[in-house]
2 protein chains.
Amino acid sequence: MKLDTIDKQLLVELQRDCKQTNKELSAKLNLSVTAIYERIKKLERSGLIQNYVALLDKKQLDLGFMVFCHVKLTQHSGKYITEFEREAIQLEEVLECYHVSGEYDYLLKVVVKDMEHFREFMINKLTSLQHIGSTQSSFSINEVKNTTAVRL
Amino acid sequence: MKLDTIDKQLLVELQRDCKQTNKELSAKLNLSVTAIYERIKKLERSGLIQNYVALLDKKQLDLGFMVFCHVKLTQHSGKYITEFEREAIQLEEVLECYHVSGEYDYLLKVVVKDMEHFREFMINKLTSLQHIGSTQSSFSINEVKNTTAVRL
DNA sequence: GCTGAAAATATGCGTCG
DNA sequence: CGACGCATATTTTCAGC
């Protein structure tokens, strides 16, 4: 889909705060409420806007402990990869999972309450997955930047 | 803030789709529209709901190339750390940046169009930051899971 | 893309358990 | 205190141009 300057401004705004009313957006972008409405619907239909979500404060939910787990599989056949991925997706502590290049096969972003819970996760969930070779974990000491908004 | 079962269900729903109407939510949770409204306002006021955002399809925006950059600083004094972080935050290609434990000091999630653009980013932006020692990059081969929603 | 009206929703209030 | 129903302010959504 081809985007003009107004579409891009609109996406910048919606990535920042998707609960703004069309009226507010129309004032910012100097367009009528209907024009804003039509543009947003078009962006939604095209799939460019995937969904609208609420972002929560993980600290308040006792999920302030973030760990990046690098995972190596024992073998790399298609069957092993598919099986590992199917199981990894199910783990609620795993917010993100990427098949990556380099020494390790996967990079996982894991969110738990504290070290105790991470230990539980490692023992009972991650290392008991099929085909897991070795893992290496890095703990987040400080979240310097974390945004879902991309440049336009 | 103390959350009961209904609050948790509400947060599950809002993490999935924050554009649902209070009417839809009231049907799902068997509560009145007003009760849903009051609960959401309370969750917003407490800061537990941080914000509402639109998530976009990066592929369609020509940002389908994701790279994880592990960064080592030349020194680790407070001054160097602060300076690196202040500069890293500014980079639009960097969606996330964490100070982490382990061999490398930082883990960055970088989003660009393709390898060419990543090369540009490395040469002109990342490696020209102050106090950068070495870096090691892993390319995302496959995004297996990527969610913003946490368990409740 | 705009204006203007209709339908749906959000929001504030008084009241009840 | 928190849930409810009702009344009204706002917003969304849809014609017609």
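Quick note on labels: first sequence line is chain A, next is B, and so on, each numbered from 1. A quick note: this is a predicted structure, and the numbers were derived from the prediction, not measured. Scope of the values below: all heavy atoms of this structure, side chains included, with no hydrogens, waters or symmetry mates.
- Atom OH in B:Y52 sits about 13 Å away from atom C1' in C:dA10, given to the nearest Å.
- Here C:dG1 presents its P atom at 11 Å from CG of A:L29, a figure rounded to the nearest Å.
- Nearest to the side chain of A:V33, among C:dC13, D:dA3, D:dT13, sits D:dT13.
- In this structure, A:R119 pairs ionically with A:E116, as a charged nitrogen and a carboxylate oxygen lie closer than 4.0 Å.
- Here the P atom of nucleotide D:dT11 and the NZ atom of B:K19 are 13 Å apart, to the nearest Å.
- Judged by distance alone, the side chains of B:E44 and B:Y52 do bring a donor and an acceptor atom under 3.5 Å apart.
- Which of C:dT3, D:dA3, C:dC13 sits closest to the side chain of A:T34 comes down to C:dT3.
- Proximity of B:K23 to the phosphate of C:dA8: no side-chain N or O atom is located under 4.0 Å from OP1 or OP2.
- OP1 or OP2 of C:dA10 has at least one side-chain nitrogen or oxygen of B:N22 nearer than 4.0 Å.
- Distances shorter than 4.0 Å separate some side-chain N or O of B:K42 from OP1 or OP2 on D:dG2.
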Which donor-acceptor pairs under 3.5 Å do side chains of residues 26-34 of chain B form with protein atoms, sequence neighbours excluded?
unit_1 : atom_1 : unit_2 : atom_2 : d
B:S26  : OG     : B:N22  : O      : 3.4
B:S26  : OG     : B:K23  : O      : 2.7
B:K28  : NZ     : B:E13  : OE1    : 3.1
B:K28  : NZ     : B:Q20  : OE1    : 2.6
B:S32  : OG     : B:A35  : N      : 3.1

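- To the nearest angstrom, C1' of D:dG2 lies 10 Å from CD1 of B:I6.
- Atom CG in B:L25 sits roughly 16 Å away from atom C1' in D:dA3 (whole-Å rounding).
- Between B:Y37 and C:dT9 there is no side-chain polar atom (N or O) within less than 4.0 angstrom of OP1 or OP2.
- Counting only heavy atoms from C-beta on, B:K41 has its side chain closest to C:dT11 among C:dG1, D:dA3, C:dT11.
- Rounded to whole angstrom, the span from the CG atom of A:L31 across to the C1' atom of D:dT12 amounts to 17 Å.
- The CD atom of A:E38 sits 18 Å away from the P atom of D:dT11 (whole-angstrom rounding).
- With hydrogens and angles left out, the side chain of A:T21 and the base of D:dT10 share no donor-acceptor pair within 3.5 Å.
- When all heavy atoms of A:I132 and A:L126 are compared, the closest pair comes out as CG1-O, 3.5 Å.
- Spacing between atom CD1 of A:I36 and atom C1' of C:dC2 amounts to 13 Å, rounded to whole angstrom units.
- What you find for A:F121 and A:L91 is that their closest heavy atoms are CE1-CD1, 4.0 Å.
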